[in-house]
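Beneath this line is the structure, given in structure tokens, with notes to follow.
Below, read A as the first sequence line, B as the second, and so on, with proteins coming before strands; counting in each chain starts at 1. The figures that follow rest on heavy atoms only: side chains count, while hydrogens, waters and symmetry mates do not.
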Amino acid sequence: MSVTVRFAPSPTGGLHIGGVRTALYNYLFAKKHQGRFILRIEDTDQTRFVEGAEQYIIDSLKWCGIEFTEGVHLGGTCEPYRQSERKALYAQYAKELVEKGAAYYAFDTPEELDEMRTRLEASGVKSPQYNSITRNTMKNSLSLPQEETQRRLDAGDPYVLRLKVPRKEEVRFHDEVRGWVVIHSSQVDDKVLVKSDGMPTYHMANVIDDHTMGVTHVIRGEEWLSSTPLHVLLYRAFGWENTMPKFAHLPLILKPEGTGKLSKRDADKFPQFPLEWTDAEGKTFKGFRELGYLPEALMNFLALLGWNPGGDEEIMDMNRLIEAFSLEKIGKSGTKYDLAKADWFNQIYLRKKEDSDLLPQVQLELEKAGLGRRDEAFVLKVISLLKDRVTFIREFVHHGRYFFETPATFDEDMKKSKWNEHCPNWMREISGVWEGLEDWTHASMDAAFKAWAVQAGIGAGKVLPALRLAVTGMSFGPSTFDVAELIGKAETLKRLRFAAENI
RNA sequence: GUCCCGUUCGUCUAGGGGUUAGGACAACUCCCUUUCACGGAGUAAACAGGGGUUCAAUUCCCCUACGGGAUACCA
């Protein structure tokens, strides 16, 4: 059977980094096996629905380079792909479960449920459950006389459907990353399958969808490991156990500091969203895109967060990741979210790009910084001079302002340590020497400068820092001669004379 | 509390009954560069603890500790 996987987020907000990684692993696995990859929207909780979230998820994944073969935005043979539009299907299967005696109606109000829990706790039960024992004391179609159940149903009393979890049954399943997991059915409670608003819960919708969509591998976060026995029980109840998908539970991404799993609530502390996201309160969070991360760098970083092919190889583009990916090599332990390495990946991928690929974004950054749009050839040269020195595209501005405007201020530390009382004169002399230059190149400037230094009896090392300060206003950067060559003779001489008067 | 999962340098990880426990990021040092990066060479840095099994355990088993997850009519 061909591989079918799915990514099934809830449209409850911005897609966070953990979700992106889950989607990525599913994508890599699907591609590797030339299988189907479905985008399904799990919107069964109408109270948590967030407008725009679905489109955001689609846009984000697209930016990441994660592509689906079918789904809510593409259509496909298993439509609809939005769970809220599959209600009729779930109702039909729910009915089947009741008829089989695998599920039952429960009429208990939230207050009665609370009461049951406090009563049980008072009598020493550590974790009160609605289960094979306690369900007899509650109001449901198992404990109530049949006529009473029917009467309530006919009267339109609110009810939920619960799974009748067997009292003594061993549930075991093989997890592709963790091996065999065994749990006794007594640990599983009679979970709600259909809520009183008629919507299925995640558990039921998930099982029905995965089955009807032909999903072969469920690759999801570890937070689902605990409820997998319930899902197995559901497959069993439906009689689908022999075609049950394989499970692979991914280690969680943990907060970089302190403890706990990463959550969207931490988004103001460190970037978590692929694209800029504005939440319900109107708070806007920058995405990786806005922060200047390259999607290929992000994907490489994310792929290696919890998975490793087993060697020293680290720089892997999407094709290479697909080729190397396997479920067995997924790690078991949680992983701290430390972006330092992501920055390094970004630097690597930035350097791999052609200067011309960087041009549009650099131009954009220049414009944003108020430096205007410049001649392409000129900017291209700036890029080649600066590319090895930056991690993010936006840094071209910070590192290279002086290419676009005459420096108005000069680095203070540099001034203190390298600018002495002779400097103004030196600058004037150098500008005089350079003024006579026929060709304005790095080489000719260098030669003229050295000749002047020798003749004046001054060590080049004494003057060069001052020269840099005069031309760029900064303490670091490419060779001053390169800068001078690019900005041109007139501008360079102007800067030298300005510096002589003003530093 | 209970159940489940986990634990190798600060971080991401490789490895696996006998290894000088490997790599990468970050840090630091040196070289290159009359700057800053890049590049190169180094330094420091880890098998959670205790019991077994074994000639031998970081690797297998058990316990403890610690971390995480789940315990909803959320996903």
- Query: Of A:Val390 and A:Thr109, whose nearest nucleotide on RNA chain B comes first from the 5' end?
  - Reply: A:Val390

- Presence of salt bridge, A:Arg82 and A:Glu42, under 4.0 angstrom: no

- Message: What's the closest nucleotide to the side chain of A:Lys341 if the choices are B:G23, B:A72, B:C74?
- Response: B:G23

- Item | Selected nucleotide, minimal atom distance to A:Arg48 side chain, candidates B:A70, B:C74, B:U11 | B:C74

- Task: Please report, rounded to the nearest Å, how far the P atom of B:U2 is from the CD atom of A:Glu121.
- Result: 14 Å

- Query: Between A:Glu111 (CD) and B:A72 (C1'), how many Å, whole number?
  - Reply: 15 Å

- Message: Taking the minimum atom-to-atom distance to the side chain of A:Ser10, which one of B:A75, B:A14, B:C12 wins?
- Response: B:A75

- Message: So if I take every side-chain heavy atom of A:Arg351 and compare against B:U13, B:C38, B:G68, which nucleotide ends up nearest?
- Response: B:C38

- Item | A:Lys87 to A:Tyr90 six-membered ring, cation-pi geometry met (6.0 Å, 45°) | no

- Message: Which nucleotide, if any, forms a Watson-Crick or G-U wobble pair with B:U43, using both distances under 3.5 Å?
- Response: B:A27

- Would you kindly give the CD1-to-C1' distance between A:Ile330 and B:C5, to the nearest whole Å? 15 Å

- Note on the structure: Considering only heavy side-chain atoms of A:Pro110, the closest of B:C73, B:A37, B:G6 is B:C73

- Message: Measuring centre to centre across the rings, with the benzene-like ring taken for any Trp, is A:Tyr293 within less than 6.0 Å of A:Phe392?
- Response: yes

- Determine yes or no for a side-chain-to-main-chain donor-acceptor pair under 3.5 angstrom, with A:Asp266 supplying the side chain and A:Ser263 the backbone. yes

- Partner of B:G1 by Watson-Crick or G-U wobble geometry, both contacts under 3.5 Å, or none? B:U71

- Item | Among B:C3, B:G1, B:C73, the nucleotide that comes nearest once only the side chain of A:Gln187 is considered | B:C3

- Task: Give none if B:U35 has no partner; otherwise give the nucleotide forming a Watson-Crick or G-U wobble pair with it, both distances under 3.5 Å.
- Result: none

- With heavy atoms under 4.0 Å as the rule, sort A:Arg178 into base, sugar-phosphate or nothing. sugar-phosphate

- Give a yes-or-no answer on whether the side chains of A:His249 and A:Arg220 include a donor-acceptor pair shorter than 3.5 Å. yes

- Using only side-chain N and O atoms of A:Lys450, determine if any of them is under 4.0 Å from OP1 or OP2 of B:U34. no

- Query: To the nearest Å, how far apart are A:Asp189 CG and B:A72 P?
  - Reply: 7 Å

- Any strand is fair game: report the nucleotide pairing with B:U7 by Watson-Crick or G-U wobble, both distances under 3.5 Å, or none. B:A65

- Task: Kindly point out which of B:C74, B:A24, B:C73 is positioned nearest to the side chain of A:Glu314?
- Result: B:A24

- Query: When all nucleic acid strands are considered with a 4.0 Å heavy-atom cut-off, which category describes A:Gly306: base, sugar-phosphate, or nothing?
  - Reply: sugar-phosphate

- Message: Between B:C28 and B:A45, how far apart are the two C1' atoms, rounded to whole Å?
- Response: 12 Å

- Message: When you compare the side chains of A:Gln347 and A:Thr391, does any donor N or O come within less than 3.5 Å of an acceptor on the partner?
- Response: yes

- Hey, does A:Val160 reach any base, or is it just sugar-phosphate, or nothing, if we go heavy atoms under 4.0 Å? base

- Task: Using whole Å, report how far CD of A:Gln83 lies from P of B:C74.
- Result: 13 Å

- Across every strand shown, the nucleotide meeting Watson-Crick or G-U wobble geometry with B:U19 (both distances under 3.5 Å) is none

- Message: Just the rounded figure in Å: distance from P of B:U13 to CE of A:Met316.
- Response: 12 Å

- Message: Going by purine N1 to pyrimidine N3 plus the second Watson-Crick contact, or the G-U wobble pair, all under 3.5 Å, which nucleotide sits opposite B:U54?
- Response: none

- Message: Of the options B:A70, B:U8, B:C5, whose atoms approach the side-chain atoms of A:Glu223 most closely?
- Response: B:A70

- Item | Check: B:C36 base within 3.5 Å donor-acceptor of A:Arg389 side chain | yes

- Note on the structure: Tightest non-hydrogen contact, residues A:Asp108 and A:Lys139, listed as OD1-N, 2.8 Å

- Query: Closer to the 5' end of RNA chain B via nearest nucleotide, is it A:Gly311 or A:Ser127?
  - Reply: A:Ser127

- NA contact type, A:Pro478, heavy-atom cut-off 4.0 Å: base, sugar-phosphate, or nothing? base

- Query: From B:U2, B:U35, B:G69, pick the nucleotide closest to the side chain of A:Leu252?
  - Reply: B:G69

- Interatomic distance, A:Arg172 CZ vs B:C4 P [rounded to whole Å]: 14 Å

- Message: Rounded to whole Å, how long is the line connecting atom CG of A:Leu163 with atom P of B:C73?
- Response: 14 Å

- Task: Among the candidates B:C4, B:A75, B:C12, find the nucleotide nearest to the side-chain atoms of A:Lys336.
- Result: B:C12

